[in-house]
Structures are given as structure tokens and as C-alpha cells.
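Everything below concerns the one structure shown next.
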Amino acid sequence: MTRGRPPGMRVLLTHPVDSRARMRLAERTNLTRWPGPYPIPADDLARELFTQDGLLCLLGDPISSAVLDQSPQLRVVANLAVGYDNIDLVAASRLGIVVTNTPDVLTEATAELTWAILLALVRGVVPARQALLDGQWRYWSPTGFLGRGLGGKTLGVVGLGRIGQAVAARAAAFGMSVVVLGSRGQGPYPRLEREAFLATADVVSLHVPLTTDTRRMVDESFLARMKPGAFLVNTARGGLVDEDALLAALNTGRLAGAALDVFDREPVDGQHPLAAHPRVLATPHIGSATVETRAAMAERAVDNLLMALTGQRPRDLVNAAAWPGRCRYTPVK
Ligand code: NAP
Ligand code: GLV
């Protein structure tokens, strides 16, 4: 990708990433690797960023307007994620700081995880395994460990972007038809407005980004209109869901279950009422967590960072309004 070392460019890496990508970054910049504890505390982040030109950060690093305002040299924030709701984009654009993300390379992994937790949820794989480990498997019973089938059912996709499309494309393999909420995104599926969508879908799967428009879109009214006995899957962002309303819908049995890879405030543990709920299968935000995908994400983030720091428009520029902003490149004579 980018050749040469941007003269004197200082970059902060808030967490270790794939070693090949990290070495490439270290060869071409003056790299500071935050040594821990992780995640980097907000005060340390603000202090470290004061002298940095670039930042490679995680989705759990809040890049607030206060942090950006205190970073006079910062030109580019490269997020190691496709979602960038952890970054104050308005502040970054106002300051001319370029923001990038890592789309595409994690699409398949996240779609696979969506299906993995949906299948495990509807078939009760986790409680069945626990029963075996607890010595509760005494004989093959025609009424034991019963789950639900997916064949002939309808998958409702909310957000037919890259991941939503990859999830929808796999539905036929399980004998499911697909409907989509609203008209946005690409794909040959019926488009329904909210009422009809929720009355049709046996499984609702969320794939929209977290924005001011989508925050808490799955609220009491949304859940009340889902089919009785439907399932919810969320591998997008926890903030899309009103967690109290979801808990209530699970407690009444209105919803048969939920598979959740993401939560409103992460991390959560076994004390979290949703994570611990018997109708919930919870995972710790592992949508993109494969060795291959995390390496590809690191390469993509490093590409974006080096491109911006050398004055090339980064491939995954999120805030076009900020380009070139502070990234205007003045070659050293
Ligand atoms: P994407 O390609 O941008 O897809 C998002 C789709 O949602 C777009 O088609 C967008 O339409 C649509 N959309 C936005 N607001 C909507 C609304 N109010 N109603 C209906 N559709 C709406 O993004 P992606 O790569 O698929 O990623 C989606 C999200 O998944 C990310 O933002 C991230 O939060 C999450 N994610 C989670 C994990 C994990 O580890 N669990 C991994 C990867 C991604 P327009 O294009 O018209 O705006
Ligand atoms: C993960 O959640 C991502 O947005 O990449």
C-alpha cells in the first residue's frame, strides 16, 4: 500500500492488533503502543493524543468531542471496526480530522456469527450442553431438549447493507424466506413497512448502524408488534434496543428468545438481566472475531491511516466533509 515513511508522523495505537499490520505501521511512523491497562482510560487517551498525528483505536474507545478538542495535531482517527458510533463525527469534521472504518472485511464473519447464535438459540444448544455437563442427560427422550425449527419461517432483516445482505443470502440454506424493513439497501426481497414487517417476521435480525435515528428503534411498541413467539437477533449495536422493554417482552413470553452479541453498555457479565435470562443467548461482541478477519481489519485500518497521513484520500473515509482537512500533505523538502 503506501510506500515510504511519513516524516515524523506520530501515531498512537490503543491496543495490540495483528502483528503484521502493526509492524507495517511501526516501520512507517513513529508509533506509540499504549501498554495497558485496557481499554485505555479516557484521561490517558486525551494526554497521549496531545502530540499525535494519527490514532488507531477500538470501538470501545470513546473518541468524544472533548478528546478531539484537546488533540491539536490529530489528523486521522482509524477505527478498527465498521461501526463508528464511538466517535463524535460532528466534532471530528468540524476540526478537519478524518475518520475511517473497516468495512467489507468483516461482513462474512459477522453474518456467520449471526446465524451461529440464531441456530444455537432456536435449538437450545447452550442449555442442552449445560444439561449434559450437569449429568441431566439420562436417556433419549422424544420430549426432551426441544427447540424450534427455522424451515418455512420468515427472516426479517432490519438494515439491508453489507452484513444484512450476507445474512439474508444465507436464509435460503435454512429454508427461510426473507422480508426487509423499509426501502433502503440492495436485494431482491419484499420491502415492508414496520407494521407489516413485524407481523410477518418470525425472526427479526438487526443490521443497522447506531445513529440518532436508530437508537432504541426496538422499543416497547416495536416488540409489541412482533409476532407472538418470535425471536430477536442483534449483532449490530446494543443501543438499537430498549433493554428494559426487551426484558419485559421475554419475561411475559411474548418473545420466545433473543440472541444478543451486543449490549447497550459493554462489557456485561452474568449479573446482567438480559445476559443471564433463560430465553437469551448472549455472546461478548464477537461478530468479527475470527483470526482471519481481525488480521484483515488491522491491515485495512493501517492502510487507511497511512493513506491519510501521506495525503491520499483514505479508502474507507467516513466523513468526506473533513477531507483533506488537517491531512493536507506538505512534502518535506
Ligand atoms: P452498512 O453496509 O452501512 O449497512 C447498514 C444498512 O442499514 C444500510 O443499508 C443502511 O441504509 C441501513 N439503514 C440505516 N439506517 C436505517 C434505518 N433507520 N432503517 C432501515 N435501514 C437503515 O453496514 P454494515 O457493514 O452492514 O454494518 C452494520 C452494522 O453492524 C455496523 O454499523 C456495526 O454497528 C454492526 N457490526 C457489529 C459487529 C459485531 O461484532 N457484532 C461486527 C460488524 C458490524 P443506507 O445505506 O441507505 O444508509
Ligand atoms: C464491530 O462491532 C464493528 O462495528 O466492526
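Note that ligands are numbered from 1 as they come in the structure, with each ligand's atoms numbered from 1 the same way. As the structure is a computational prediction, the values presented were derived from the model and not from experiment.
A 6.0 Å sphere centred on CG of Asp43 holds no more than 12 heavy atoms belonging to other residues, nucleotides or ligands. Counting non-hydrogen atoms of neighbouring residues, nucleotides and ligands closer than 6.0 angstrom, the CD atom of Gln73 exceeds 12 such neighbours. Heavy atoms from other residues, nucleotides or ligands lying under 6.0 Å from CZ of Arg170 number more than 12. Heavy atoms of other residues, nucleotides or ligands lying less than 6.0 angstrom from OH of Tyr38 number more than 12. At most 12 heavy atoms of other shown residues, nucleotides or ligands fall within 6.0 angstrom of atom CZ in Arg129. Around CZ of Arg254, the count of heavy atoms belonging to other residues, nucleotides or ligands within 6.0 Å exceeds 12.
In terms of protein heavy-atom proximity, atom 25 (O) of ligand 1 is nearest to Arg162 NE, 3.0 Å. The shortest contact between atom 19 (N) of ligand 1 and any protein heavy atom is with Val208 CG1, 4.2 Å. Among protein heavy atoms, atom 1 (C) of ligand 2 sits closest to Leu59 CD2, 3.4 Å. Residue, atom and distance of the protein heavy atom nearest to atom 42 (C) of ligand 1 are Thr110 OG1, 3.3 Å.
For atom 36 (N) of ligand 1, the nearest protein heavy atom is under 4.0 Å away.
The pair Arg300-Asp303 fails the salt-bridge criterion, with no side-chain N (NZ, NE, NH1 or NH2) lying under 4.0 Å from an Asp/Glu carboxylate O. The existence of a salt bridge linking Arg237 and Glu266 is excluded, since no basic side-chain nitrogen approaches an acidic carboxylate oxygen closer than 4.0 Å. Salt-bridge check for Asp18 with Arg294: failed, with every basic side-chain N at 4.0 Å or more from each acidic carboxylate O. Using a cut-off of 4.0 Å between Lys/Arg side-chain N and Asp/Glu carboxylate O, Asp53 and Arg326 are scored as not salt-bridged. A salt bridge links Asp264 with Arg216: at least one charged nitrogen is closer than 4.0 Å to a carboxylate oxygen.
Within the structure, ligand 1 lacks Asp213 among the residues with a heavy atom less than 4.0 angstrom away. For the ligand labelled ligand 1, residue Ala236 lies inside the 4.0 Å heavy-atom shell. Heavy atoms of Leu210 come nearer than 4.0 angstrom to ligand 1 in no pair at all. Residue contact check for ligand 1: Thr107 places no non-hydrogen atom closer than 4.0 Å to it. In this structure, Gly182 does not count as a contact residue of ligand 1, since none of its heavy atoms falls inside 4.0 Å of the ligand.
For the pair Met297 and ligand 2, the shortest N or O to N or O distance does not fall below 3.5 Å. Some N or O of Gly287 is nearer than 3.5 Å to an N or O of ligand 1, by distance alone. Geometrically, ligand 2 and Val82 share a nitrogen or oxygen pair separated by less than 3.5 Å. On a distance-only criterion, Ser288 and ligand 2 share no N/O pair closer than 3.5 Å.
Of the heavy atoms in Asn101, none comes closer than 4.0 Å to ligand 2. If you look at Ile163 next to ligand 1, the close heavy atoms, those under 4.0 Å, come from the backbone and the side chain alike. When heavy-atom distances to ligand 1 are checked against a 4.0 Å cut-off, Arg184 comes that close only through its side chain, counted from C-beta outward. In Asp104, neither the side chain nor the backbone holds a heavy atom less than 4.0 Å from any atom of ligand 1. By the criterion of a heavy-atom distance under 4.0 Å, the backbone of His207, and not its side chain, is placed next to ligand 1.
A side-chain N or O of Asp261 and one of Thr283 form a donor-acceptor pair less than 3.5 Å apart. In this model, no donor atom of one side chain and acceptor atom of the other lie less than 3.5 Å apart for Ser288 and Thr293.
For ligand 2, the atoms lying closer than 4.0 Å to a non-hydrogen atom of Ala81 are 3 (C), 4 (O), 5 (O). Atoms of ligand 2 lying under 4.0 Å from at least one heavy atom of Leu106, given by number and element, are 5 (O). Those atoms of ligand 2 that come under 4.0 Å of a heavy atom in Arg237, given as number and element, are 1 (C), 2 (O), 3 (C), 4 (O). Remark: ligand 2 atoms within the under-4.0 Å shell around heavy atoms of His285 are 1 (C), 2 (O).
Between the choices Thr235, Thr214, Leu260, the shortest heavy-atom distance to atom 38 (C) of ligand 1 belongs to Thr235.
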Using side-chain contact (heavy atoms from CB on, under 4.5 Å), reason through Leu74 and Leu49 one step at a time and then give a plain yes or no.
CA-CA 7 Å; Leu74 193 62; Leu49 271 186; 4.1 Å; yes

